[in-house]
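Taking it in order: structure first as structure tokens, then the write-up.
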Amino acid sequence: MNIYLDNAATTPLDPEVFEAMKPYMLEYYGNPSSIHAQGRKVRAALESARKTVAGLLNCTPGEIIFTSGGTEADNALLAGAVHTYGIKDIISSPLEHHAVTHTLEHLTKSSGVSVHMVRLDDKGHIDLAHLESLLKTHEHALVSLMHANNEIGNLLDISRVGELAEEHNAWFHSDTVQAMGHYKHDLQALKVHGITAAAHKFHGPKGVGFKFISRRKKILPLLYGGAQERNMRGGTENVYGIIGMAKALEIAYRDMEKHQRYISSLKLRMIEQLKAHIPRVEFHGDSANLERSLYTVLNVSLPESDENNMLLFNLDLQGICASGGSACSSGAAQGSHVLEALYPGSRRGAVRFSFSKYNTPEEVDLTVQKLAELTGVSASMRH
Ligand SMILES: Cc1ncc(COP(=O)(O)O)c(C=O)c1O
């Protein structure tokens, strides 16, 4: 059995994406900065990929800068905003990805900024009234709040936060890595100055992403070097990665409604089956609320027991890939900083299942069945 339910960590490459990348791996290998025919051919493809991404997000191609992925993009936006505008106050949340929290820790030490944590409600949603009061006290701050949480799936009202940030002259960064390709981002309508993406979260290749920087709130680059990316990110571009990413985003936008409906139905199926078959099952954050959580992520909370402590390991032995939190924290055998912030000291088991267009209802059924066996309640599955 091989069931992959860890799509928030990374997704399988779409074969259509691979086909789009292939010519740029084998035939068109020129450096896009070269002025000969090979270089020009590749440059044209690169710029066309940029146009595709910008067109889908309703911004200008000059506002899209390709990166090595989500982490680099988050680092670049946070450090860039602080250094360009001399920002002293950052408003963020303890539930952000480490690409943000660790960058903020570094900026605190290196640039003397203060980080103010916005209050959360009991489901882990941002308290917008508290955000507003922090913005009032700290004008010209940097706000960094993610659109969709990678562990519990909670969604941010990114439009409202953008409006609040604008009212108080704040620079608004949102880590959109988990939301990209699952929801539409209209960058003319959203009042956000910087967002980030990683292609491998939406069936594109690994090691490539992009940052959007609003032309109205330009920032200094993170990487200096050649004049690539209009001097905004030195280094030869990952050409076939970028071509693949643009194709993957195109497919994601083309099929978004269909996939949203289908993947939501898988998530709902799992919620209902878990409730029916696993006693005292709960859900972390607001992940069981289909209106206010990412439809690809479900974070299951199980009563404390020896079996539940070993659950991920045992699911793995059964051929089911899931996660306890973000990929990096599960690898480091550490608890999740997101769950610890929301449920301090809790010893309940946590399993994050994350779905994609390639999962099936049968996989959901088998996973719940295995989970019931592993948690010692399989007898109830017979009813
Ligand atoms: C919310 C979020 N931000 C940033 C990242 C980092 O992206 P990348 O793996 O492309 O560096 C991830 C990846 O897990 C993520 O889920």
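Remember, it's 1-based here, ligands and their atoms both numbered in the order they're listed. In this chain, numbering begins with 1 at the start of the sequence shown.
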- Query: With no hydrogens and no angle check, is any side-chain donor or acceptor of Asp255 less than 3.5 Å from a backbone partner on Lys258?
  - Reply: no
- Query: Which bit of Asn149 gets closer than 4.0 Å to ligand 1, counting heavy atoms only: side chain, backbone, both or neither?
  - Reply: neither
- Item | Per-residue contact class, Thr71 against ligand 1 - non-hydrogen pairs under 4.0 Å | both
- Item | Contact atoms of ligand 1, heavy-atom distance to Asp74 under 4.0 Å | 3 (N), 4 (C)
- Task: Go through the steps for Asp175 and His147 under the test side chain to side chain donor-acceptor pair (under 3.5 Å), then give the verdict.
- Result: CA-CA 6 Å; Asp175 176 334; His147 187 186; over 6 Å; no
- Within 4.0 Å of some non-hydrogen atom of Ala198, the atoms of ligand 1 are 10 (O)
- Message: Tell me the nearest of Thr10, Asn75, Asp175 to atom 4 (C) of ligand 1, using heavy-atom distances.
- Response: Asp175
- Item | Min heavy-atom dist Glu96 to ligand 1 below 4.0 Å | no
- ligand 1 and Gly70, any nitrogen or oxygen pair closer than 3.5 angstrom? yes
- Item | Which segment of Met146 sits under 4.0 Å of ligand 1 when only heavy atoms are counted | side chain
- Below 4.0 angstrom from a heavy atom of His97, which ligand 1 atoms are there? Numbered from 1 as shown, please. 1 (C), 2 (C), 3 (N), 4 (C), 5 (C), 6 (C), 12 (C), 13 (C), 14 (O), 15 (C), 16 (O)
- Item | Heavy-atom pair of closest approach, residues Val100 and Ser144 | CG1-OG, 3.5 Å
- Note on the structure: CD1 of Ile87 to OG of Ser114, rounded to nearest 0.5 Å, is 12.5 Å
- Task: Give a yes or no on whether a salt bridge exists between Lys247 and Asp14, defined as a side-chain N under 4.0 angstrom from a carboxylate O.
- Result: no
- Message: Does ligand 1 come near enough to His200 that some N or O of the ligand is less than 3.5 Å from an N or O of the residue?
- Response: yes
- Task: May I ask you to check if Lys267 and Tyr295 form a cation-pi contact, with NZ or CZ under 6.0 angstrom from the six-membered ring centre and within 45° of the axis?
- Result: no
- Can you list the steps and then say if Lys275 with Glu272 is a salt bridge (Lys or Arg N to Asp or Glu O under 4.0 Å)? CA-CA 5 Å; Lys275 280 186 184 162; Glu272 284 171 352; over 6 Å; no
- Query: Relative to the heavy atoms of Gly69, which atoms of ligand 1 are at a distance of less than 4.0 Å?
  - Reply: 10 (O)
- Task: Go through the steps for Lys211 and Asp74 under the test salt bridge (Lys or Arg N to Asp or Glu O under 4.0 Å), then give the verdict.
- Result: CA-CA 8 Å; Lys211 54 191 173 189; Asp74 282 330; over 6 Å; no
- Please work out which of Lys201, Lys206, Glu72 has its closest non-hydrogen atom nearest to atom 13 (C) of ligand 1. Lys201
